Every structure is written in C-alpha cells, then in structure tokens.
Amino acid sequence: MENDLLAQLIDAEQLYQNAPCGYFSLSADGKIIKINLTLLNWLGYEEKELLGQKFASLLTKGGQMHFEMFFWPVASISKAVKEFSYEILRKDGSLIAVLLNASALLDEHSKLQAINAVLTNTTERKNYEKEILHSKRVAESEKKRLQFMADLVPEIIWTTTAKGNIDYVNARFCQYFNCNGEDTRSSFVLSKVHKDDLRELLKVWYRSIETGEHLQKEIRLLNREGIYEWHLLKSALFLDEEGNMTNWFGSCANINDHINALKKKDEFISIASHELKTPITSLKAVLQLLDRLKNDPSNKMVPGLIEKANRNVDKVNALVEDLLNASQMNQGQLHLNKSIFNLAGLISDCVHHIRIDQRYEIIIGGDDTLQVFADEGRIEQVIANFITNAIKYAPDSKQIFINLKNAGANVLVEVVDKGPGIAEEKIPHLFDRYYQVENKGSKYSGLGLGLFICAEIVKRHGGEIGARSTLGEGSVFWFSLPTS
C-alpha cells in the first residue's frame, strides 16, 4: 500500500502536468512540442490548439522581437536562459506576466535539438510592483505639491528630526537668509538669531525637545540685507500612529510690522498723554490764579489769564479733534457734506487771522475763479494744516505762498515755504499715521496726525496729495481735487 502511494506521489508525468509552474518544450525551430496543464490553464487554450504553434506567436510584438534576437542566441551559446521577462497573450486577449528560465538540448555537434522551459507567473508580483510604483509616484507628487505650497507661503517653513536637527527648509528660508538651501546646520541658523534672544530661544527649544511641548517664541532674525526683523517662531512635534516622535514642524512668521506698530502705538499714547497734560496743567494753574482773584475782577492780570486759559482750551480741543478725526477715518465714518464753492475765497477766510497777526505774509496766486465740489469745512482743515506746518517747520520763512492751478479735470493747490526743507528719505512718510519730522528749531509739537488726516480727507474726495522739498530752499505741500 505504501509503495503504491509513494509511486503516485512521485509520478513524474503528474508532477509535470500539475506543477505550480508552466512547463513547455520547443523544437529547434521554436514550435511547441509539449506543454503542461498548468500553462494551458493559465492561457485558456486546449493542448491541440498550441502543439505545433510557434511559442513566439504568444508574445507581444516587443516580446517577439526580444525572443528572436536575444533568447535563441543566448540559449544556443550558453545552453541556459535565466529569468527573461515576457508578457504572454491569453486566448481572451489579456496578458500574463512571466519569468522564463530555459535549458537547451544539443547534439554531439553542439547543434540545438530542443529547449525545455519553465514559466513563473509574475502577474501578481507585477501588479504589486505597479501598485508600489504608483504609491511611490503619488507620494512623490504629494511631497512636491506640499513643497510647492510651502515655497509659496511668505513664512519660513522648516522641519527637524526628533533630536532637533534641521532636515528641510522651504524657498523662503533661502530667500530670507540668502543661502542655497543646503546650509541648514544649526550653527548657521543660530548665527542669524539676535544675540539678546539666543539664550532664551535655546532654553525653550531644548525644553521642548525633552518634553515634546509646542514652542512659541518671538525672536529677531538677521535678513539678507543685514537687518534684524521680528518673527514669531512656532514649532510642534509630529507623532506617528504608534506615538513615536518623528519630526518637528515649524514656521517663522514675520511680525516686524506688527511689533513696530505696537511700538508706535505706545509712543503715540505717551506723546498724546504729554500733549494733553501740558495745556491741562497750564489751564489748571491759570484757573487757580483766577480763583484767587475772583474777588478782585478789576485786577490787571485777569484779562491775560483768561486769554491764556482760552488758548490752552483751544489746544486741548484741537488735540481731541485730531483724535476724533483719526478714529472716524479708521472706522470709515468720515462723512462729507459736498457743495460747490470758490477755492480762493475759502483760502482768504482761512488765513485771515494769520494776516491780522502780521508775523507771516500769506500770498495767494493763480486762478482765483476756480471752483470745486467738495466739503468746504474739510478742505479748510487741509489748507489750515498745510499753513500750520509751514509755520511749524519753517518759522523763519515769513512769506508763505498759496498757488491755485487749473489741472484739467482737477484743481491743484500748493502751499510753498522758503524754509530749511525736508530730507528726501522722510518725504514718503510725511502722510503716515503718527509720523513727525524732527525739527530742533521748532517750538511746536503734536500727535503726528495732522497730515495723515489731510491725506484721508483728500483721498475721500477722490483727489491726490503729496509733497516735494529741497534742503536749503524750502518745501511744497500740494493736493488736487476734482472740479465736479
């Protein structure tokens, strides 16, 4: 019994026909002379359909060329072929991927007699490889997409290993520090941190690496122009599905304008407090004196004290008015009551009190017939501010010229002084909020809101505003308004 079972197990023909591989034999001219059931089942053919057919006819066109040009010469010379990759056409037209191994039978004259071949079905492996390749391409594409996005953002983006070594930076990093993207050594990056911020940064960074806590720190970084700018540094630890620390993802957002704005705000509050305190203190002193003299109204000091009190009230009122105007403009609540009026007449009324004072001569020139459609009160505010600034920053220019010009669809107003002039680099900032030109010779001060308010008024009218100046010769402040 055991011998019969053993005989069945080692039946060579059975093993050949039902092997997990495809077996076939070819004649010297490449025709199939034997083929096992496994290969027939793979291809969907009956044995009689393939016997006598050339094996090459089952291959794709590219496979046929390779089989004729490479397989036969190799088999004839080397007597063996190892792992040639082909795709075989099934009867239904689909393809099966295989690896072909073969050995050649030669006669005593080394002439090819036949070839025995083994086919291993690699379709699943090929599909798996395709899936792996596809997944790799998708991953690469996603990586490139994310890098493209990272390169577009204005922030500096970077990643580090779990131990804190930088392994990726975006294009903004290279642009900001003027490097090629390869110099990401810790020493290079730390050299760009302001020395006053470095110690505290290292302290919180090492603590974050040890604890895994998120990091957020304001620091100054040195840009490619050699200027330190404030940045908000943020970093968070990424954990994989098992909770292992893998990478730190971080960014540095430029907050320099925000920091400077806060500083300007603090400076403004300090200036405003001082500007308001000065006239209020003076007013309080005057009122105390008047209180002492209330029972003696005929005292010669009373009229002067009342005048001084009124001047201080006017100062406080002007400062409060500037604050209210700036607030209205910031909230978009500046309302204009437009009407048609003569510009020369408005200017004459505006400078009447200055002419009475006789310390400055106001000379109005140009076309005195020009009319505009605007808010008369607001335009008077602009002209008065221009004249006040001329007196403030050019106190020795006793003549102030106001020119009116027809500029087509617009009217141009210029206020000209012959003072010391303004440095060229300061001109672009004259109409910024809170900006003040330093003038050691001036006895005036203020909130730095006047020209900003003027610019907003003119812009709301659809006009333009500007200034030009030459050191040692004087300055010209101008604005234009539509005629209708």
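This is a predicted model, so every value here is computed, not measured.
- Side-chain atoms of Phe479 and Val382, non-hydrogen and from C-beta on, do get closer than 4.5 Å to each other.
- Heavy-atom neighbours of Gln288 CD from other residues, nucleotides or ligands within 6.0 Å: above the threshold of 12.
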Please tabulate, for side-chain N and O atoms in residues 126-136, each donor-acceptor pair with protein atoms closer than 3.5 Å (sequence neighbours left out).
from: Asn127; atom 1: ND2; to: Thr123; atom 2: O; distance (Å): 3.3
from: Ser135; atom 1: OG; to: Glu131; atom 2: O; distance (Å): 2.8

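- Taking 4.5 Å as the limit, some side-chain heavy atom of Ile166 sits within range of a side-chain heavy atom of Val189.
- Side-chain atoms of Thr211 come within 3.5 Å of backbone atoms of Glu213 as a donor-acceptor pair (strictly under, hydrogens ignored).
- Under the 3.5 Å distance criterion, with hydrogens and angles disregarded, no donor-acceptor pair is assigned to the side chains of Asn254 and Glu155.
- Smallest separation of non-hydrogen atoms from Glu229 and Tyr176: OE1-OH, 2.9 Å.
- Applying the salt bridge (charged side-chain N to carboxylate O under 4.0 Å, His left out) test to Glu376 and every residue at least two apart in sequence or in another chain returns nothing.
- Between Gln175 and Arg224, the shortest heavy-atom contact is O-NH1, 2.8 Å.
- By the 30° and 60° cut-offs, the orientation of the rings of Phe67 relative to Phe71 is parallel.
- Between the side chain of Gln64 and the main chain of Leu59, a donor-acceptor pair closer than 3.5 Å is present.
- Listed by first and then second residue, the salt bridge (charged side-chain N to carboxylate O under 4.0 Å, His left out) pairs that reach into residues 396-405 are Lys405-Glu414, sequence neighbours excluded.
- To the nearest 0.5 Å, atom CD1 of residue Ile347 and atom CG of residue Leu370 are 9.5 Å apart.
- Remark: side-chain polar atoms of Asn165 are not paired, donor with acceptor, to backbone N or O of Thr161 under 3.5 angstrom.
- The minimum heavy-atom distance between Leu430 and Ala467, with the atom names listed, is CD1-CB, 3.9 Å.
- Side chain of Ser348 to backbone of Ala344: a donor-acceptor contact under 3.5 angstrom is found.
- Side-chain N or O atoms of Ser480 include none that pairs as donor or acceptor with a backbone N or O of Asn410 at under 3.5 Å.
- Contact of the Thr120 side chain with the Val98 side chain is not registered, since no non-hydrogen atoms from C-beta on lie closer than 4.5 Å.
- In this structure a side-chain-to-backbone donor-acceptor pair under 3.5 Å is missing from Asn337 to Asp375.
- For the residue pair Ser208 and Leu215, the shortest heavy atom distance occurs at OG-CB, 3.5 Å.
- Distance check: Glu456 CD to Leu451 CG gives 12.0 Å after rounding to the nearest 0.5 Å.
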**Prompt:** Checking ring pair (Phe, Tyr, Trp, His ring centres under 6.0 Å) for the pair Phe452/Phe431: CA distance, chi angles, key distance, verdict?
**Reply:** CA-CA 5 Å; Phe452 165 76; Phe431 299 95; 9.9 Å; no

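- Ion pairing between a basic and an acidic side chain is recognised when a charged N comes within 4.0 Å of a carboxylate O; Arg145 and Glu142 show such pairing.
- Residues Glu218 and Leu233 are not in side-chain contact: their nearest non-hydrogen atoms beyond the backbone lie 4.5 Å or more apart.
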**Message:** Val81 vs Asn101, test: side-chain contact (heavy atoms from CB on, under 4.5 Å). Steps then yes/no.
**Reply:** CA-CA 5 Å; Val81 173; Asn101 291 275; over 6 Å; no

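- In Glu124, the CD atom is not crowded: 12 or fewer heavy atoms of neighbouring residues, nucleotides or ligands sit closer than 6.0 Å.
- Shown here are the side chain to side chain donor-acceptor pair (under 3.5 Å) partners of Asn247, two or more places apart in sequence or in another chain: Asp167.
- Taking both residues in full, the closest heavy atoms of Phe188 and Cys179 are given as CZ-CB, 3.9 Å, listed atom of the first, atom of the second, then distance.
- At least one donor-acceptor pair under 3.5 Å links the side chain of Asn342 to the backbone N or O of Asp368.
- Looking at every heavy atom in both residues, Gly462 comes nearest to Pro482 through O-CG, 3.9 Å.
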**Request:** Determine, step by step, whether Val416 and Phe477 satisfy the side-chain contact (heavy atoms from CB on, under 4.5 Å) criterion, reporting the C-alpha distance in whole Å, the side-chain angles of both residues, the deciding distance to 0.1 Å, and the verdict.
**Result:** CA-CA 7 Å; Val416 184; Phe477 283 78; over 6 Å; no

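- Phe249 and His214 have their aromatic ring centers separated by at least 6.0 angstrom.
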**Item:** Intermediate values then yes/no, side-chain contact (heavy atoms from CB on, under 4.5 Å), Leu221 and Val193
**Value:** CA-CA 5 Å; Leu221 296 176; Val193 181; 3.8 Å; yes

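- Here the CD1-OG1 distance, from Ile209 to Thr160, works out to 6.5 Å after rounding to the nearest 0.5 Å.
- A donor-acceptor pair is defined here as one N or O able to donate and one able to accept, closer than 3.5 Å; such a pair exists between the side chain of Asn170 and the backbone of Ile157.
- Taken to the nearest 0.5 Å, the CD1 atom of Ile219 stands 9.5 Å off from the CD1 atom of Ile255.
- Phe341 is listed as a side-chain neighbour of Leu346, based on a closest heavy-atom distance under 4.5 Å.
- Counting non-hydrogen atoms of other residues, nucleotides and ligands closer than 6.0 Å to NZ of Lys203 gives a total of 12 or fewer.
- Put simply, NZ on Lys217 and CH2 on Trp205 are 14.5 Å apart, with the number rounded to the nearest 0.5 Å.
- Sorted by first and then second residue, the salt bridge (charged side-chain N to carboxylate O under 4.0 Å, His left out) pairs involving residues 191-202 (not counting sequence neighbours) are Asp197-Arg220.
- A donor-acceptor pair under 3.5 Å is formed between the side chain of Thr60 and the backbone N or O of Gly63.
- Contact of the Cys252 side chain with the Phe173 side chain is not registered, since no non-hydrogen atoms from C-beta on lie closer than 4.5 Å.
- Using a 4.5 Å heavy-atom threshold, the side chains of Leu412 and Leu404 count as separate.
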**Request:** Tell me, with the steps shown, if Ile96 and Asn121 meet side-chain contact (heavy atoms from CB on, under 4.5 Å).
**Result:** CA-CA 7 Å; Ile96 177 173; Asn121 189 337; 3.1 Å; yes

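- Between Thr483 and Phe373 there is no side-chain heavy-atom pair separated by less than 4.5 Å.
- Residues that satisfy the side-chain contact (heavy atoms from CB on, under 4.5 Å) test with Leu237, not counting sequence neighbours, are Leu239, Met245, Trp248.
- For the pair Ser469 (side chain) and Ile422 (backbone), a donor-acceptor distance under 3.5 Å is present.
- How far CG of Leu471 is from CD of Glu424: 9.0 Å, rounded to the nearest 0.5 Å.
- For His66 and Tyr86, the ring centers sit closer than 6.0 Å to each other.
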